[in-house]
Amino acid sequence: MQPFDYIRPRNLEEASHLLAQAGKRARVLAGGADLLIGLEHGMVSADWLIDIKHLPETTGLSLDPVEGLRCGAAVTLRQLTSHPEVRRIFPLLVEACDHIGSVQIRNRATVGGTICSASPASSLATVLLCYDTQCHVFGPEGERNLPLSEFFLGFRLTALTPGELLTQIVLPLPARHTKTAYHQLRIGSAGHPPLVGVAVAASLNPDRQGDWRLALTSVAPHPYRARQAEALLAGPLPTPATLHEAVDAVEKSSQPIDDHRASAAYRLAMVRVLARRALEEVAGQLAGGSP
Amino acid sequence: MNHEIAATVNGEQVQLTVASHHTLLRMLREQLHLTGAKNGCGSGECGACTVLLNDEPVYACLVLAAEADGAEVVTVEGLATADELLPLQQIYIDQHGFQCGFCASGFLISASALLKRNGRPDLDTIRAALAGNLCRCTGYGGIIKAVQSASRVRR
Amino acid sequence: MINLRKPIIVGKPMVRVEGQLKAAGQARYLDDMSFAQEPLYARLVLSQHPHARIEIDTAEAESIPGVVKILTGHDLAGVMGHCLYDRWVLPHDRVRYVGEPVAVVAATTPEAAEHAARTVKVSYIELPGVFGITEALDPQAPLLHPDLGQYLHRAMARPQPGSNIAHESRSTRGDLNTGWLMAAVIIEGTYSAPPMHHVAMEPHGAVAMAEADGRITVWASTQAPFLQRQIISEALGLDPERLRVLTAFIGGSFGGKTYVSIEALAVAMALAIPGRPVKLVLSRSEDFTSTFARPGLAARLKMAVSREGDLTALEATYNWDAGASADAMIEPAWNATYAGCGPYRIPHVSITSRAVYTNRVPAAPMRGNGMAEVQWAVEQHIDKLAEALNIDAVAFRLQNCLKGGDILFDGRKMHATGLDVCLRRVAGAVRWSSPPARASASHKRRAKGVAMGWNPVLNNTREARAVVRLDAEHGPILLALNGVDAGQGFYTVAVQLVASTLGAPLAWVHVQPFAELSPSGHDQAPINQLTWSAGNAIVAAANALRSDILGWTAEAWQEAPGALDIVEGFIISHATSRRLSLLDYTTGVAADLTGASKPRVLHGEGAFQPLAPDLPLLTGTEDEPAPLLPFLQIGIGAQAVEVEVDLETGEVQALHLAAAFDVGHAINPDIVEAQIRGGAVQGLSAALFEQMVFDQGHPRNPNLADYRIASTLDIPASVEPLIVEVPQDDGPFGARGVGEHSSIAAAPAVANAIYRATGVRLSSLPVSSESVWLALQSKPDTTK
């Protein structure tokens, strides 16, 4: 690894200032998995690594009955999914995180780092999209908030401008009796990012009108919500025909690519299979009534 | 740039000067001569460098030495007390938990962390806890059996 | 009164001799070694193009602070090989694969070495490349080695100058036409396996040091230090007496650390900078791109069976993707030439085996000497034939498999074998005759598959040598041999053999690598089947020492040697009840007792050469005898698996894997089981996941994130190792090897099970979800 400086800023302002000054020569160091591998292999170079894991704004994890879940960017995946209430209220987070990397990775990888690497294969980002996650960003101009769905701009490209860093995310409490499913297809059982992932969260309002969220992993430049399918599903419990239409819409929304792990054709076919399975599972749970 | 850090390594206080870009693995192996943790991939894939950082298993190749300031680190050399191996280590030998042995240190750290958290892990829990460590020789049979037996001994 | 009882040592489970060190993290591997002087750090400059003419400019890199030396092909003229000299220590003007080392840098820090390696300027004039076996065999294909005709080679290598064929050999037996005429069914098919990687958990590495007196020591992570010494000293023009190749603990090899990959570069650098150790340890990605791959294989089979279900003929072509250098592929290519028929009785056979050059990392055999790849083809073909005749796949194999006394290819008789027992055992383990349990979902299907495998091992013309030494100070009993334990547990087995043969306590026996004791004059022991080959040498050495000791003692005690025995380290007399500790032989007491003329350090030597190279041989080709005699000790066994296939996604899950091998006699049943289990899972990993992906010669997955090997979550719920013991006449205590070939039948067993579950045949490895899904898509819709 080529030499760089490791810096622990005293506060967010200092971190932001350093980032703004150094431009691309500085990188935020969170869990380090992506960044240190990049540096080790010479795919990334940096003069400064700015560690933000000790800043109070980035470390908290709290659940509020009104606001929802507030999670600092430096919270590790392990911390996130060790929280019993988080596990109960946001089961998709568990589904996603428990298959990311390994115990060792989850002990270091952070929520913020995972989001900011903006990998198309991020399971966590996918399920966060289903939870209407808001991002809190701190930068030279102060704070701003934006929905996660607007945070991703392209392949490994985020809405962060020079000097900005993600400090927290907020997940509003899901509607009562929200049902969820996350279906992933991986090579082998462990740890590796999915070839395709389909996450679904849905709830019925008192009039039994459904509100659906559907997000996909690994089949576009970044995780995204399949809004057309969501719109098709909104309303009364979907019939098999509606589910079928929704699957068609999901397929249409995806733009998988060929790479050494799978072909686009296979991924596309699997989008259909997994979308159908996930939708049927959730629709079944909704139809089964609330516990 | 260099940093002065203080850490507890295998129960002993150490004060070290570490370079910014040195990993915890490099610090352990080169500065403290604790070569039990191995460099098998440098990318957090093989698990041979697994150590405990504040009681949790991490890949020492993906942690900077400077980040270990104030931390408690345990390597495979720190599992045994004095001249006595942990029951897990002895059972690991008895169950042929390794062949070439290059992965053994990492597995032992992951397994000991698991057993500390969960005295009686079931098979799926054991498999999940060890999935971040690769072994090319054993087919994992002896490793899993050793963890199961060790959990019974601990009770 | 004699109260010593002979303990049972052979056939008994015993923990590994090095177990304590490994469990405590105290076993030192290459990268863990410390040296009196801080080593210089070496780093490779790797080719970025698969086929190109190169020019190298090192000036800027040399000016980087800390850089001590940079070597390129202009500094090193040597060619490496042991069968076919087709690889340069560093290439002069032409690179043949992405990842080929073109220069090596030594610097005072790893950072400076890395920086310099990135700064060395290599300019490339690209040449057209050859990226597959079919392409390579095209008469119009660009040539990787236009000067092949001038290359040095031993008789066993048969290069075809003017082509990309590095080796071609053929064997025939009987008359194919007769075989076809006898047939009720003839089936043809093609199968392929991609290049794979050995993935030893410890990457390749070497530390070399040239002393002022001209002697050079290299510590290498290798399973064949003596072969490495031979190759390196030849390539660098060194007197082999000056070069010692030593090993530390070895973090796995599986064949990948047999031949010289980067070790010669460490030695060359050490020679350029005498007096300081030079350390070259590869990164994981370099290990993938710049050492060796398991060869790719394209197989074409035509097999015939009579109405009675007897195999009558086999015509096979095995074309091996040897990558840019084929030296390491000559032996496996020969192995396929003879053993490419599988462990079957087939009267009429013709097999052609070729190693062809492509612009990829050089190939070296992995665990099974090519037989895993060959069996991938043969064992699926056997299932097809059985199905065509509507015979059960197990019954068909039992009918046709080799039995003891069958006449083999070379006219000699097959030794006693438990192959049929192995097959019955694995079939029983998976309840072959019962239908599989219900699948876990309506879109899934379950089924079982079986396959057999063998590995005759052709390169057993090497001589194993052992010395057992009585040395109270250092041992008290030291064993030295010219083979090393790469992790399989052979040293433990060796200690058991010595203790049992000599009559000494296990704890007295210690293994010392031969090179330490005897820096010259010995070649490499056979690299595989050590239990059998080196085991015989060890037993002979221990017996020699034992009979010397008994002879001298009998003389001193004036008794008949036959009345004496050695038990638990004591020489005892059954006649007079006298006893004397073996330790006293070396402390001087024995000298008084047995006469002052006897040496105080005693040793016995033993050697075992599986085959004399000059034995007469069957017809290799029509006009020329083959240079090797195969088949003395044949590793053999069977595997069975139950799988569940997801018809919608193509995902395959192995639920239950059983593997049985005939090991003759298990010297250490625990270690044998560990070998069988480990091999089975390695074979399963190869079946489901593993391939090196190249895009026009550029490696696309040279890391463990993208090159998957099985983890704890991928293994079947049950992996059952089964030991079959039909003693080997010429084996130590009746033993055969097992580690070499314990992975060879897993992949075809999986493919056969998938076929039985879904009706689709996977002819290419690996059996990825996508490949199963694709096959299911093109399956004609048969509504049975």
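Note on naming: letters A, B, ... go to the chains in the order of the sequence lines (proteins, then strands), and numbering restarts at 1 for each one.
- With a 6.0 Å radius and a threshold of 12 heavy atoms from other residues, nucleotides or ligands, B:Gln13 has its CD atom above the threshold.
- Nearest approach of A:Gln2 to B:His21, heavy atoms of both residues: O-CB, 3.8 Å.
- Of the atoms belonging to B:His22, not a single heavy atom falls under 4.5 Å from chain A.
- In terms of heavy-atom proximity, A:Ser102 sits nearest to B:Ala131 at CB-C, 4.5 Å.
- Annotation: residues 23-32 of chain A contacts chain B through A:Leu29, A:Ala30, A:Gly31 [non-hydrogen atoms, separation under 4.5 Å].
- For B:Leu53, the part lying under 4.5 angstrom from a heavy atom of chain A is the side chain only.
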side-chain contact (heavy atoms from CB on, under 4.5 Å) for B:Leu62 and A:Gln104? Distances and angles first, verdict last.
CA-CA 10 Å; B:Leu62 294 185; A:Gln104 292 94 320; over 6 Å; no
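- Interface remark: B:Ser43 contributes backbone and side-chain atoms alike to the contact with chain A (heavy atom separation under 4.5 Å).
- B:Glu12 CD: 12 or fewer foreign heavy atoms inside a 6.0 Å radius.
- A side chain to side chain contact (heavy atoms under 4.5 Å, CB included) with B:Glu56 holds for exactly one of A:Arg108, A:Arg78, A:Arg106; it is A:Arg78.
- No donor-acceptor pair closer than 3.5 Å links the side chain of A:Asn107 to the backbone N or O of B:Val58.
- In terms of heavy-atom proximity, A:Ile105 sits nearest to B:Gly44 at CD1-O, 4.2 Å.
- Residues of residues 112-122 of chain A never come closer than 4.5 Å to chain B when only heavy atoms are counted.
- Side-chain contact between B:Glu45 and A:His192: present, with at least one pair of heavy atoms (C-beta onward) separated by less than 4.5 Å.
- Using a 4.5 Å cut-off between heavy atoms, B:Ala128 touches chain A through its backbone atoms (N, CA, C, O) alone.
- Contact residues of residues 34-60 of chain A toward chain B are A:Leu36, A:Ile37, A:Glu40, A:His41, A:Leu49, A:Asp51, A:Lys53 (heavy-atom distance under 4.5 Å).
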Sequence neighbours left out, cut at 3.5 Å: what donor-acceptor pairs do the side chains of residues 7-15 of chain A make with other protein atoms?
residue: A:Arg8; atom: NE; partner: A:Tyr6; partner atom: OH; Å: 3.2
residue: A:Arg10; atom: NE; partner: A:Glu14; partner atom: OE1; Å: 2.9
residue: A:Arg10; atom: NH2; partner: A:Glu14; partner atom: OE1; Å: 3.3
residue: A:Asn11; atom: OD1; partner: A:Glu13; partner atom: N; Å: 3.3
residue: A:Asn11; atom: OD1; partner: A:Glu14; partner atom: N; Å: 2.8
residue: A:Glu14; atom: OE1; partner: A:Arg10; partner atom: N; Å: 3.0

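- Residue B:Ala19: no heavy atom, backbone or side chain, is found under 4.5 Å from chain A.
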